[in-house]
Amino acid sequence: MKTSNLLLATQRENPSDAETISHKLMLKAGLIRQVASGIYNWLPLGVKVLRKVENIVRREMEKSGAQEILMPMVQPGELWKESGRWQQYGKELLIFEDRHDREFCLGPTHEEIITDLCRNEIRSHKQLPVIFYQIQTKFRDEIRPRFGVMRSREFIMKDAYSFDLSEQQMDDSYQSMRDAYVRIFNSLGLDYRIVKADSGAIGGADSEEFHVLADSGEDLLAFSDKSDYAINAELLIESKSDQDPRSLEGQDSPDGKGKLKLKRGIEVGHIFKLGRKYSESMKLTVQSENGNIYPEMGCYGIGISRIVAAAIEQNHDDKGIIWSKEISPYTTALVEINPKGEKNLKNLCNQIYTSLKEQGHEVLWDDRDQSAGVKFSDMELIGIPQMIIIGEKSFRENKVEFKMRGEDKIVSLIPDEVLNKIQ
RNA sequence: CGGGGCAUAGCGCAGUCUGGUAGCGCACCUGCUUUGGGAGCAGGUGGUCGCAGGUUCAAAUCCUGCUGCCCCGACCA
């Protein structure tokens, strides 16, 4: 892609409406624009990153044998009344009526829909175990949306639901999803931790959260310095008289091994064992040799759009975003400087651009008629991990330059070498 | 929902106290010159000053009501 054909909506000024770093940078780098409180447009660069994250998630879901489906965002109130959550879920559930005065809500999650789907489609125990997933827009009418897409009302989530014949089988499904999540977060190139969590309004027994570590994270996490023990600090606070979570620092770990250390995290994934909560309330049964049984369910969420913000919270500098190459909108920025000075400079750019594309690299060629400083600043702001610089001086020596985002070092290479250098 | 703040051009802001032809920087358009870290000169485009009432000869400015957005809190995957 050439920048001359791209809606590169970078802004020079800091946006006045944003406080957190990821929110500021997402606006400034032209990834998103706000439409209403907690509701955003995703611009071309932002969508590129979203798709990268989605593709990693999708790849690992498929690898684990989960099947992709797509459920509606608009859901009939009837199903929510059946599960009991029409009353229970609260004002985060955005409710409205259609022209026939039938009640609907915008889906904040999909347990009701998936359970309804499965009770219609799944008859025999031979069809289990099964896991379905979707990547889809959710809506939760947050009391106070904040921090850009980090806590927005409309957001993109991958949610998966497992159905098993026994608790033991459910544990296997849970473990398989957990393994997939580990592969996903490893692939994303983020520093993350898994902690014990509260299962909250979704209901159910065991649950674990995946957190991207960042000082700006909303959640406080507690770790033992001697064992694997890791927990969302909220859970420890509930049982203490001292309500200040920071007081946990240095206390004995509840597992009896070592002392607690605290870190901040952004919750980007949450996996639950639901048990029979929904299968029983919504009468989902399968036939087996022992009669009809209620499947054991599990549900598994990943905040796709939140991951984009979390990645920026964790990886940025004073110049802007620093993407890992796995989720960067482009792997390589190609910056031409003063192409009018040397008439073959443009040709060299074109050759390198074409070759890299043939090698499967996603290259953003900054061919705008702008000064070098503007181009460097923009490419750094939008966080492209590798940059090739082609300017008059080096061109005359038949050299181009290569620079990694986040590093100061610039290396001079002949054009063929740079083709091998790019990853 | 409680507390605090903001609303003037695409972005960032001044002007409001003390009413008198709506401004600045950047961006954008034209032309020329420039070109290795956010270029220069010249000429341009763009705003019912969040909305609705009211006061006044006259309202961005004063008064009343409303709306939207941001931050802190409660809440939340």
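Letters A, B, ... mirror the listed sequences (proteins, then strands); counts begin at 1.
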Classify [X] by what it touches in the nucleic acid, base, sugar-phosphate, or nothing, heavy-atom distance under 4.0 Å.
X         : answer
Tyr300(A) : nothing
Ser305(A) : nothing
Glu92(A)  : sugar-phosphate
Gly391(A) : base

So which of [range] are in contact with RNA chain B, with a heavy-atom cut-off of under 4.0 Å?
range                       : value
residues 21-50 of chain A   : Gln34(A), Ala36(A), Ser37(A)
residues 322-342 of chain A : Ile337(A), Asn338(A), Lys340(A)
residues 377-386 of chain A : Ser377(A), Asp378(A), Glu380(A)
residues 51-67 of chain A   : none

Using the test ring-ring contact (aromatic ring centres under 6.0 Å, His included), find all partners of Phe395(A) that sit at least two apart in sequence or belong to another chain.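 For Phe395(A), no residue satisfies ring-ring contact (aromatic ring centres under 6.0 Å, His included) once neighbours in sequence are set aside.
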Distance-only donor-acceptor hits, side chain of residues 294-303 of chain A, under 3.5 Å, sequence neighbours excluded:
from, atom 1, to, atom 2, distance (Å)
Glu296(A), OE2, Arg276(A), NH1, 2.5
Tyr300(A), OH, Ser162(A), OG, 2.7

In the structure shown, which nucleotide is the Watson-Crick or G-U wobble counterpart of [N], with both distances under 3.5 Å?
N      : result
G31(B) : C41(B)
A52(B) : U64(B)
U16(B) : none
G2(B)  : C72(B)

Let me spell it out: for each of Glu209(A) and Thr20(A), pick the nucleotide of RNA chain B with the closest heavy atom. Which residue's pick is nearer the 5' end?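 With Glu209(A) and Thr20(A) compared, the 5'-side residue is Thr20(A).
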Quick one: on RNA chain B, does Lys91(A) or Arg146(A) contact a more 5' nucleotide (nearest heavy atom)?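 The residue whose closest nucleotide sits nearer the 5' end is Lys91(A).
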It should be established whether Arg151(A) places a side-chain nitrogen or oxygen under 4.0 Å from OP1 or OP2 of nucleotide A77(B).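 No, no such contact exists.
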Looking at Ser16(A), I'd like to know whether one of its side-chain N or O atoms comes within less than 4.0 Å of OP1 or OP2 on C70(B).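 Indeed not, no polar side-chain atom of Ser16(A) lies that close.
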Partner set under side chain to side chain contact (heavy atoms under 4.5 Å, CB included) for Gln370(A), not counting sequence neighbours: Arg368(A), Val374(A), Lys375(A)
Output every pair passing ring pair (Phe, Tyr, Trp, His ring centres under 6.0 Å) with a member in residues 161-196 of chain A, not counting sequence neighbours, ordered by first then second residue. Tyr181(A)-Phe210(A), Phe185(A)-Tyr192(A), Phe185(A)-Phe210(A)
Do the side chain of Glu392(A) and the base of G36(B) come within less than 3.5 angstrom through a donor-acceptor pair of N or O atoms? no
Reading nucleotides 24-33 of chain B from 5' to 3' and marking B where a protein heavy atom lies under 4.0 Å of the base, S where only the sugar-phosphate is that close, and - otherwise, the string is -BSS------
Would you mind writing out the side-chain donor-acceptor pairs for residues 13-27 of chain A within the sub-3.5 Å range, not counting sequence neighbours?
from, atom 1, to, atom 2, distance (Å)
Asn14(A), OD1, Lys28(A), NZ, 3.3
Ser22(A), OG, Glu313(A), OE2, 2.6
His23(A), ND1, Gly148(A), N, 3.4

To the nearest angstrom, how far is Ile271(A) atom CD1 from A77(B) atom C1'? 13 Å
Solution key, residues 406-422 of chain A side-chain donor-acceptor pairs under 3.5 Å, sequence neighbours excluded:
from, atom 1, to, atom 2, distance (Å)
Glu417(A), OE1, Ile414(A), N, 3.0

Just jot down the salt bridge (charged side-chain N to carboxylate O under 4.0 Å, His left out) partners of Lys138(A), sequence neighbours excluded, or say none.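 If we apply the salt bridge (charged side-chain N to carboxylate O under 4.0 Å, His left out) test to Lys138(A), skipping adjacent residues, the hits are Asp159(A).
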